[in-house]
Amino acid sequence: MKLSARLLAGVVLSAQMFSCTVDGDGGECVSPTQNLDTAYAPGAVGCACADTDQDVCVEDSTGRDVALVCDAGRWKAVEDGPCAPFPPVCFSPTQNLDTAYEPGSVGCACTDADEDVCVDDSTGRGVALVCNDGRWDAVEDGPCAPLPPVCFSPTQNLERAYDLGAVGCACADTDEDVCVKDSHGRAVALVCEGGAWLAVLDGPCGGR
């Protein structure tokens with residue numbers, strides 16, 4: 001029995017509609033390149049994909065993120081997967097120092113052999129990093145704390161001896177008071193007082 005042209009066209013149209021909504025390979029199926037707005041709609045059907053297709057996170061026309069994974073040969077929209085938040089970028093002595101003191105920042109991996117360091121970020125701010133439990137940790141003091149001033153003694157840094165705030169090196173009660181000249185030929189009188197050298201204006205250099 002021959003089918004009329006109109007009946008034959010109806011059969012073909014019905015087959016196309018069935019293929020589109022059930023088979024998922026028609027124009028209404030969801031893939032990384034089409035119909036993303038309907039990806040999370042009830043009954044949405046994913047287009048065919050291959051096991052080699054990577055999970056992707058793409059935006060639909062409204063800017064909403066759509067996470068698609070290839071599951072059993074079909075694209076499937078999931079709630080997490082490739083659109084889940086990425087872990088924060090870690091900081092170390094060589095990278096991302098500007099974020100080291102930000103809340104929630106994460107230090108990169110380090111080892112017990114790594115020494116504490118003080119390094120500048122892009123603004124010139126000193127960042128003190130110590131290795132703590134296998135991760136770099138940004139601390140407020142540590143390696144960036146001010147270094148103790150250079151001390152003076154009869155054998156070193158005599159030019160600093162009379163400077164405001166100058167600090168004498170350690171000495172013993174058995175050390176004798178001395179009068180020595182600095183690199184400029186200036187006489188420097190040093191006495192041991194309280195376990196540290198002290199520069200005085202008289203004493204062993206009296207009148208010289």
Side-chain angles (χ1 to χ4, degrees), residues 54-59 63-65 67 79-208:
Q54 295 184 353
D55 300 346
V56 293
C57 181
V58 286
E59 291 184 354
R64 176 188 61 172
D65 286 335
E79 295 296 335
D80 45 20
C83 288
F86 290 103
V89 177
C90 66
F91 62 84
S92 76
T94 59
Q95 66 182 36
N96 302 312
L97 291 167
D98 292 349
T99 65
Y101 290 110
E102 292 181 358
S105 61
V106 176
C108 301
C110 58
T111 66
D112 292 338
D114 291 322
E115 295 183 355
D116 300 347
V117 293
C118 181
V119 285
D120 289 344
D121 63 13
S122 64
T123 67
R125 175 189 61 172
V127 179
L129 297 180
V130 299
C131 189
N132 188 14
D133 293 330
R135 293 276 179 186
W136 286 110
D137 187 18
V139 296
E140 294 296 335
D141 45 21
C144 287
L147 296 176
V150 177
C151 66
F152 62 85
S153 74
T155 59
Q156 66 182 31
N157 302 311
L158 291 167
E159 295 78 9
R160 300 172 179 266
Y162 291 111
D163 289 348
L164 184 65
V167 176
C169 301
C171 60
D173 292 339
T174 55
D175 290 327
E176 296 182 355
D177 299 346
V178 293
C179 181
V180 288
K181 290 185 177 181
D182 64 16
S183 62
H184 305 296
R186 178 184 60 171
V188 179
L190 297 180
V191 298
C192 186
E193 183 174 306
W197 286 109
L198 176 66
V200 295
L201 295 178
D202 45 19
C205 290
R208 283 183 285 176

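- When every heavy atom of Trp197 is checked against every heavy atom of Ser153, the shortest pair comes out as CD1-CB, 3.8 Å.
- Considering every non-hydrogen atom in both Leu201 and Tyr162, the closest pair reads CD2-CE2, 3.7 Å.
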Identify all side-chain donor-acceptor contacts of residues 112-120 below 3.5 Å with residues at least two apart in sequence or on another chain.
{"unit_1": "Asp114", "atom_1": "OD2", "unit_2": "Thr111", "atom_2": "N", "d": "2.8"}
{"unit_1": "Asp114", "atom_1": "OD2", "unit_2": "Thr111", "atom_2": "OG1", "d": "3.4"}

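- A 4.5 Å side-chain heavy-atom check between Thr99 and Val89 finds every atom pair outside the cut-off.
- Between Ala128 and Tyr101 the shortest heavy-atom distance is N-OH, 3.1 Å.
- Across every non-hydrogen atom of Ala161 and Ala166, the tightest pair is O-CB, 3.8 Å.
- Closest of all the heavy-atom pairs between Leu129 and Trp136 is CB-CE3, 3.7 Å.
- Partners of Cys90 under the side-chain contact (heavy atoms from CB on, under 4.5 Å) rule, at least two apart in sequence or in another chain, are Gln95, Cys108.
- In terms of the salt bridge (charged side-chain N to carboxylate O under 4.0 Å, His left out) criterion, Arg135 has no residue partners (sequence neighbours excluded).
- In this structure, the salt bridge (charged side-chain N to carboxylate O under 4.0 Å, His left out) partners of Asp121, at least two apart in sequence or on a different chain, are Arg125.
- Minimum interatomic distance between Thr123 and Asp98 (heavy atoms only, all atoms of both residues): N-OD1, 4.4 Å.
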For residues 181-194, which side-chain donor-acceptor pairs fall under 3.5 Å, sequence neighbours excluded?
{"unit_1": "Asp182", "atom_1": "OD1", "unit_2": "His184", "atom_2": "N", "d": "2.8"}
{"unit_1": "Asp182", "atom_1": "OD1", "unit_2": "Gly185", "atom_2": "N", "d": "3.1"}
{"unit_1": "Asp182", "atom_1": "OD1", "unit_2": "Arg186", "atom_2": "N", "d": "2.9"}
{"unit_1": "Asp182", "atom_1": "OD2", "unit_2": "Arg186", "atom_2": "NE", "d": "3.0"}
{"unit_1": "Asp182", "atom_1": "OD2", "unit_2": "Arg186", "atom_2": "NH2", "d": "3.2"}
{"unit_1": "Ser183", "atom_1": "OG", "unit_2": "Glu159", "atom_2": "OE2", "d": "2.3"}
{"unit_1": "Arg186", "atom_1": "NH2", "unit_2": "Glu159", "atom_2": "O", "d": "3.4"}

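- Asn132 meets the side-chain contact (heavy atoms from CB on, under 4.5 Å) test with Asp137; sequence neighbours excluded.
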